[in-house]
Enquirer: 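The structure that follows is given in the form of structure tokens.
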Amino acid sequence: MPEMPEVQTLVDALNRVDLVGRRISGAAVYWPKTIAGMPPAVFSERITGCVLQAVTRRGKYLVFRLTRGLQLLLHLRMTGRLNWERRGSARSRHEHVILQFDNDFDLRFHDTRKFGRMTLTADPAAVLGKLGPEPLGERFTLRHFQRMLAGRSRVVKPLLLDQTFIAGLGNIYVDEALWQAGIHPRRISDTLSDREIAALHQAISRVLQKGLENLGTTLGGGEGNFYSVAGRRGRNADALNVFRRTGRPCPRCKTTIERLVVAQRASHVCPVCQPLP
DNA sequence: GTCTATGTTTGCGG
DNA sequence: TCCGCAAACATAGA
């Protein structure tokens with residue numbers, strides 16, 4: 001569930017604690033598969049002693065820039081979370097990697113479903129280079145979006161979920177953007193009119209900005225949900241118009257919202273606002 | 001207790 | 001190239 005606004009919320013929260021500038025004094029890995037590309041022992045050895053220089057984001061990846069020319073890339077997948085805790089507090093059974101810092105605090109990766117991945121690399125472009133543009137970046141203009149769509153004939157929802165097409169959107173914000181733009185998720189990309197492309201471009205930036213303002217979307221109260229550092233919930237769930245609102249009235253026209261599956265993903269639409277020609 | 005769905009990504013086969 | 005499907009796992013909710 002962490003999509004761009006949730007990851008950015010986490011990055012912002014990490015930048016408000018005493019983390020950047022600290023030296024990593026040790027690392028412990030409790031679930032080896034969380035570490036991609038190298039054995040956990042090598043990971044721990046290489047990262048220990050590095051100083052954290054910056055925490056940023058690219059797409060849905062958290063990017064930790066370290067000394068020694070290294071970067072730690074973290075993808076939260078479905079249920080990844082980060083806890084910033086004083087060393088010595090009890091480890092929860094879902095905390096799979098613990099980075100210890102020289103101020104006696106730990107950055108702990110908590111991941112109930114264990115799909116999240118950490119990559120320690122000197123060549124981050126090998127992972128990040130494939131990503132499409134940032135949807136709130138300067139380069140993502142309407143003209144650019146039109147060019148990106150030109151000549152491709154793909155179902156629009158899976159296209160928007162494709163991180164090499166555009167980086168950072170997931171199921172929630174795609175459903176919301178398509179509703180806002182009045183576009184059915186099964187529409188084919190090269191049948192969109194200029195007006196629809198413009199509406200979609202604007203809708204993408206609106207739903208993401210709203211998500212950021214609200215510090216992310218936290219649905220329900222489960223373990224695997226989005227929580228920022230210190231367990232803070234996002235409040236964007238209240239701002240959702242269609243996502244997980246099957247059977248309730250469309251905020252625009254009061255028609256009952258329907259759930260369908262598109263590209264194996266649950267999708268939520270207003271059949272009147274988002275007609276399929 | 002049992003069964004189904006789940007917000008992400010990758011890799012396979014057609 | 002594109003699509004559908006399965007898998008990586010654990011939990012919530014019916």
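From a predicted model like this one, the values you see are computed outputs, not experimental measurements. Proteins come first, then strands; the chains are lettered A, B, ... in the order of their sequence lines, and each starts at number 1.
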Enquirer: So which nucleotide from B:dT6, C:dG4, C:dA8 ends up closest to the side chain of A:R77?
Expert: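 Looking only at side-chain atoms, A:R77 lies closest to C:dA8.
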
Enquirer: For Watson-Crick and G-U wobble pairs within 3.5 Å on both distances, what is DNA chain C written in dot-bracket notation, | included for inter-strand pairing?
Expert: .|||||||.|||||

Enquirer: Map A:R259 and A:K60 onto DNA chain B by nearest heavy atom, then report which one ends up closer to the 5' terminus.
Expert: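 Per heavy-atom nearest nucleotide, the more 5' residue is A:R259.
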
Enquirer: Just how far, in rounded Å, is C1' of B:dT6 from CD of A:E3?
Expert: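 In whole Å, B:dT6 C1' lies 13 Å from A:E3 CD.
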
Enquirer: Give a yes/no answer on whether the side chain of A:Q163 brings an N or O atom under 4.0 Å of OP1 or OP2 in B:dT9.
Expert: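 It does, given that an N or O in the side chain of A:Q163 lies less than 4.0 Å from OP1 or OP2 of B:dT9.
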
Enquirer: Would you mind reading off the distance between A:K33 atom NZ and C:dC9 atom C1', rounded to a whole angstrom?
Expert: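 Spelled out: NZ on A:K33 to C1' on C:dC9 is 9 Å.
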
Enquirer: Which nucleotide sits closest to the side chain of A:V155: C:dA10, C:dC3, C:dG4?
Expert: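 Of the candidates, C:dC3 comes closest.
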
Enquirer: Kindly point out which of B:dT10, B:dT8, B:dG7 is positioned nearest to the side chain of A:Y61?
Expert: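 From the listed options, B:dT10 comes nearest.
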
Enquirer: A:H144 versus A:P133: any side-chain heavy-atom pair under 4.5 Å?
Expert: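 Yes. Closest side-chain heavy atoms under 4.5 Å.
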
Enquirer: Taking only the side-chain nitrogens and oxygens of A:R154, find out if one of them lies under 4.0 Å from OP1 or OP2 of C:dG4.
Expert: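 So the side chain of A:R154 is outside the cut-off, no N or O lying under 4.0 Å from OP1 or OP2 of C:dG4.
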
Enquirer: Do A:F140 and A:H201 have side chains that approach each other closer than 4.5 Å (heavy atoms only, starting at C-beta)?
Expert: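 A:F140 vs A:H201: side chains touch.
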
Enquirer: Can you tell me how far P in C:dC9 sits from the matching atom in B:dG1, rounded to whole Å?
Expert: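 Comparing P positions in C:dC9 and B:dG1 gives a spacing of 23 Å.
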
Enquirer: A:K157 NZ to B:dT8 P: how many Å, rounded?
Expert: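 Rounding to the nearest Å, NZ of A:K157 and P of B:dT8 are 9 Å apart.
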
Enquirer: Relative to A:F105, does A:R22 satisfy both conditions: NZ or CZ under 6.0 angstrom from the six-membered ring centre, and within 45 degrees of the ring's axis?
Expert: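 The answer is no, since A:R22 fails at least one limit relative to A:F105.
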
Enquirer: Work out how far the P atom of B:dT10 is from that of C:dT11, and round it to whole angstrom.
Expert: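 It comes out at 24 Å once rounded to the nearest Å.
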
Enquirer: Can you tell me the distance, in whole Å, between the CZ atom of A:R93 and the C1' atom of C:dT11?
Expert: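 Result: 9 Å.
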
Enquirer: Pick the C1' atom in C:dA12 and in B:dT9, then give their distance to the nearest Å.
Expert: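 Rounded to whole Å, the distance is 22 Å.
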
Enquirer: Taking the C1' atom in each of C:dA8 and B:dT2, what is the distance between them to the nearest angstrom?
Expert: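 It works out to 23 Å between them.
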
Enquirer: Whole angstroms only, please: what is the CG-P distance between A:L74 and B:dT9?
Expert: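 After rounding, the reported distance stands at 13 Å.
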
Enquirer: Measure the shortest side-chain to side-chain distance between A:L215 and A:R232 over non-hydrogen atoms and say whether it is less than 4.5 angstrom.
Expert: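 The answer is no, as the side chains (C-beta and beyond) never meet within the 4.5 Å cut-off.
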
Enquirer: With respect to the side chain of A:H75, which nucleotide from B:dT8, C:dA10, B:dG7 is positioned closest?
Expert: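 Looking only at heavy atoms from C-beta outward on A:H75, the closest nucleotide is B:dT8.
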
Enquirer: Indicate yes or no: at least one non-hydrogen side-chain atom of A:P185 is less than 4.5 angstrom from one of A:V269.
Expert: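 Yes - at least one pair of side-chain heavy atoms lies under 4.5 Å apart.
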
Enquirer: Could you give the CZ-to-P distance, from A:F165 to C:dC2, as a whole number of Å?
Expert: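 For the pair A:F165 CZ and C:dC2 P, the rounded distance is 11 Å.
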
Enquirer: Side chains of A:L178 and A:L200: does their closest heavy-atom pair fall under 4.5 Å?
Expert: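 Of all side-chain heavy-atom pairs linking A:L200 with A:L178, at least one is under 4.5 Å.
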
Enquirer: Is it true that A:F115 and A:H75 have ring centroids separated by less than 6.0 Å?
Expert: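 For A:F115 and A:H75, the ring centres are not under 6.0 Å apart.
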
Enquirer: Which nucleotide in the list C:dG4, B:dG7, C:dC9 gets nearest to the side chain of A:Q264?
Expert: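 Of C:dG4, B:dG7, C:dC9, C:dG4 is nearest to the side chain of A:Q264.
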
Enquirer: Indicate whether OP1 or OP2 belonging to C:dC9 is found under 4.0 Å from a side-chain N or O atom of A:H94.
Expert: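 No.
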
Enquirer: Is A:R265 touching bases, backbone alone, or none of the nucleic acid, heavy atoms closer than 4.0 Å?
Expert: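 Base, at least one base heavy atom under 4.0 Å.
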
Enquirer: Please test A:I188 against A:V155 for side chain to side chain contact (heavy atoms under 4.5 Å, CB included), starting from the C-alpha separation and ending with a verdict.
Expert: CA-CA 4 Å; A:I188 305 298; A:V155 178; 3.9 Å; yes

Enquirer: Quick one: A:L219 CG to B:dA5 P, roughly how many Å, whole number?
Expert: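 So the two atoms are 18 Å apart, to the nearest Å.
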
Enquirer: Any stacking of A:F115 on C:dA8, going by centres under 5.5 angstrom and planes within less than 30 degrees?
Expert: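 Per 5.5 Å and 30° rule: yes, stacked.
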
Enquirer: Could you give the CZ-to-P distance, from A:R113 to C:dC9, as a whole number of Å?
Expert: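 Going from CZ in A:R113 over to P in C:dC9 covers 11 Å.
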
Enquirer: Using a strict 4.0 Å threshold on nitrogen-to-oxygen distance, state whether A:K210 and A:E176 make a salt bridge.
Expert: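 Salt bridge flag = no for A:E176 with A:K210.
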
Enquirer: It should be established whether A:K114 places a side-chain nitrogen or oxygen under 4.0 Å from OP1 or OP2 of nucleotide C:dA10.
Expert: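 Looking at the OP1 and OP2 atoms of C:dA10, one of them is under 4.0 Å from a side-chain N or O of A:K114.
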
Enquirer: What's the closest nucleotide to the A:R152 side chain, out of B:dT10, C:dC2, B:dG7?
Expert: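 Shortest atom-to-atom distance from the side chain points to C:dC2.
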
